[in-house]
2 protein chains.
Amino acid sequence: MLEAIYIKVQADLKQKIYRGEFPSMKLPDERTLAEQYHVSRSSIKRALNVLAQQGVIFKKRGSGTFVNPLYLKNQDIFRYNGSNLGVTDSFRIHGETPTIEVLDFQVLPATKEQQLALFLNEDDFVYWIKRLRRLAGKPFMIENGYVPIRVLPSLTQKDVSGSVYEYVERTKKRSVTKSFMTIMAEPSNNEDQTLLELSPTEPVGIMEGIFFMDDGTPLEYTTMRLHYQYLHYSAFVSLDGE
Amino acid sequence: MLEAIYIKVQADLKQKIYRGEFPSMKLPDERTLAEQYHVSRSSIKRALNVLAQQGVIFKKRGSGTFVNPLYLKNQDIFRYNGSNLGVTDSFRIHGETPTIEVLDFQVLPATKEQQLALFLNEDDFVYWIKRLRRLAGKPFMIENGYVPIRVLPSLTQKDVSGSVYEYVERTKKRSVTKSFMTIMAEPSNNEDQTLLELSPTEPVGIMEGIFFMDDGTPLEYTTMRLHYQYLHYSAFVSLDGE
DNA sequence: TTAAATCATTGGTGCGACCCAATCGTTATA
DNA sequence: TATAACGATTGGGTCGCACCAATGATTTAA
């Protein structure tokens with residue numbers, strides 16, 4: 001099975017929506033879609049659920065399924081598209097690929113906090129990866145990442161000057177598809193101001209999080225300090241199935 | 001049907017996880033759970049999918065289903081619990097309920113941007129609701145909300161001095177469970193500094209978003225300017241079913 | 001004419017069956 | 001002993017059915 005049916009249906013419907021093939025903003029009912037795609041209603045429901053979760057459509061029992069007009073007008077914000085959660089991918093959207101300057105690369109014993117976040121033992125070690133990211137030459141992010149040695153035993157400085165997640169996908173055939181993140185803001189400190197070329201009144205955005213591989217293994221604990229103009233986090237939140 | 005089976009199972013499992021009833025961090029396999037709960041495997045799968053989506057568990061084909069240790073250690077962060085997305089609910093967690101001071105309450109013609117965000121026509125009007133929120137007396141948020149008159153025709157200043165979402169639930173029997181939000185940060189302006197008691201180097205966090213009722217009707221377009229210490233947005237992100 | 005009852009439409013939930021695919025421990029083999 | 005093959009376990013995907021619940025249009029009755 002190269003790709004599940006519901007994935008294909010979901011992708012196809014998203015295309016059709018994007019291309020404006022539902023001018024009435026209303027999709028055919030589930031039973032009809034099942035016929036059209038020659039799949040069961042269950043698979044259609046599954047595809048529609050994914051789209052609803054993404055905020056692309058709204059379902060209304062008794063009435064039908066409708067396109068979220070916002071998705072049409074503004075679909076570049078609804079970018080839950082990349083197969084990857086990393087910085088490289090997220091910021092590539094703006095047209096250019098970020099470059100990486102490695103500021104530091106060491107092996108350290110894991111702190112208590114890191115042990116907790118990365119499910120480590122007392123005697124475990126982590127790589128400390130400090131990097132500066134630039135977009136079109138302009139620095140926009142200071143990144144402090146901590147990766148358990150146990151998870152990537154043969155990581156080198158060279159690997160670290162590229163995307164760590166691509167390295168993981170290449171060498172371990174695992175993808176990084178889950179993260180637990182916290183977003184905050186703070187006045188900039190001296191280092192921020194120097195590295196990110198900020199004035200004292202200009203703040204930084206902070207994105208701090210744990211990134212997991214698709215099997216649940218925690219890969220990295222990261223703190224990102226962003227030039228405030230680059231902190232732009234969008235999310236569609238749904239509190240339904242609870 | 002007061003509550004769906006998969007909802008009950010999901011809630012029960014979450015309780016058990018929280019109470020540490022799976023010390024090995026491993027849940028029984030799906031077929032066994034189905035027997036224990038006297039429900040079909042489909043329903044178990046559904047319940048587990050919800051929990052996986054919330055980051056409470058990780059599923060690993062061929063191995064089993066495991067508790068996310070982070071959820072145990074830090075479950076107060078995993079608070080996708082409230083039935084409501086509003087500010088009142090979100091910040092009540094910290095122990096105290098925020099108070100509301102209405103700074104302005106008017107009816108205005110909808111701007112282009114509002115028409116787009118709220119699916120309105122050219123001649124539609126919106127309420128402009130400007131409010132200051134305090135927690136334990138300390139101001140922490142300036143809120144500019146825009147609500148279509150069409151949606152809440154008889155909204156009064158009195159209603160607006162409480163939670164608008166509670167008003168919606170009471171009068172329309174609809175809940176506010178979806179939102180599309182963007183989070184940013186900025187240096188504080190004069191008004192921010194005055195109302196939120198900030199110094200010039202201290203920034204504001206900005207949460208801007210559209211809130212939808214459970215049937216997809218957009219209810220409100222809001223811009224919230226937060227004292228930076230109160231911007232603390234956490235999310236579990238999963239890029240799986242795409 | 002208006003309000004209430006009815007009914008068709010549409011999405012929601014639940015079941016159980018069937019097979020697939022990844023994993024892991026066991027067993028057979030070199 | 002180390003490796004390979006195998007098989008059991010476990011979650012993933014698909015199907016098709018039956019029935020429920022909310023909605024909205026239609027029909028009926030006041």
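Below, chain A is the first sequence line, B the second, and so on; all start at residue 1.
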Roughly how many Å is it from CG in N49(A) to P in dT14(D), rounded to a whole number? 13 Å
Please state how far atom CZ in R46(B) lies from atom P in dG11(D), giving the value in whole angstrom units. 19 Å
Please state whether the phosphate of dG11(D), meaning OP1 or OP2, lies under 4.0 angstrom from any side-chain nitrogen or oxygen of T65(B). yes
Run the salt bridge (Lys or Arg N to Asp or Glu O under 4.0 Å) test on D124(A) and R150(A) for me, step by step, so that the C-alpha distance in whole Å, both residues' side-chain angles and the decisive distance to 0.1 Å come before the verdict. CA-CA 8 Å; D124(A) 276 319; R150(A) 197 143 52 71; 3.3 Å; yes
Side-chain donor-acceptor pair present, N144(A), Y221(A), cut-off under 3.5 Å: no
A110(B): which residues meet the side chain to side chain contact (heavy atoms under 4.5 Å, CB included) condition with it, sequence neighbours left out? Q114(B), Q115(B), L120(B), V126(B)
Rounded to the nearest angstrom, tell me the gap between atom NZ in K45(A) and atom C1' in dG16(D). 14 Å
Tell me every residue that passes side chain to side chain contact (heavy atoms under 4.5 Å, CB included) with R46(A), counting only those two or more places apart in sequence or in another chain. Y6(A)
Does dT10(C) have OP1 or OP2 sitting under 4.0 Å from an N or O in the side chain of K60(A)? no
DNA chain C nearest-nucleotide lookup for L48(A) and R61(B): closer to the 5′ end is L48(A)
From CD of Q10(B) across to P of dT13(C) the rounded distance in Å is 13 Å
OG of S43(A) to CD1 of I7(A), rounded to nearest 0.5 Å, is 11.0 Å
Taking only heavy atoms on the protein side, list every residue of residues 29-42 of chain B lying under 4.0 Å from any atom of DNA chain D, sorted numerically. D29(B), E30(B), R31(B), R41(B)
Can you check the I44(A) CD1 to dG12(C) C1' distance for me, whole Å? 16 Å
Does a donor on one side chain and an acceptor on the other come within less than 3.5 Å for S175(A) and D214(A)? yes
In this structure, how many angstroms lie between the P atom of dG12(D) and the CD1 atom of I7(A), rounded? 13 Å
Please round to the nearest 0.5 Å and tell me the distance separating atom CZ of F236(A) and atom CD of Q54(A). 10.0 Å
Between S43(A) and dC15(D), does any side-chain N or O lie under 4.0 Å from OP1 or OP2? yes
Given atom NZ of K8(B) and atom P of dG14(C), what is their separation to the nearest angstrom? 8 Å
Is the shortest side-chain N/O distance from Y6(A) to OP1 or OP2 of dT14(D) below 4.0 Å? no
Taking CG from D214(A) and C1' from dT23(C), how many angstroms apart are they, rounded to a whole number? 14 Å
When you measure from the side-chain N and O atoms of S63(B) to the phosphate of dT10(D), is any distance below 4.0 Å, counting only OP1 and OP2? no
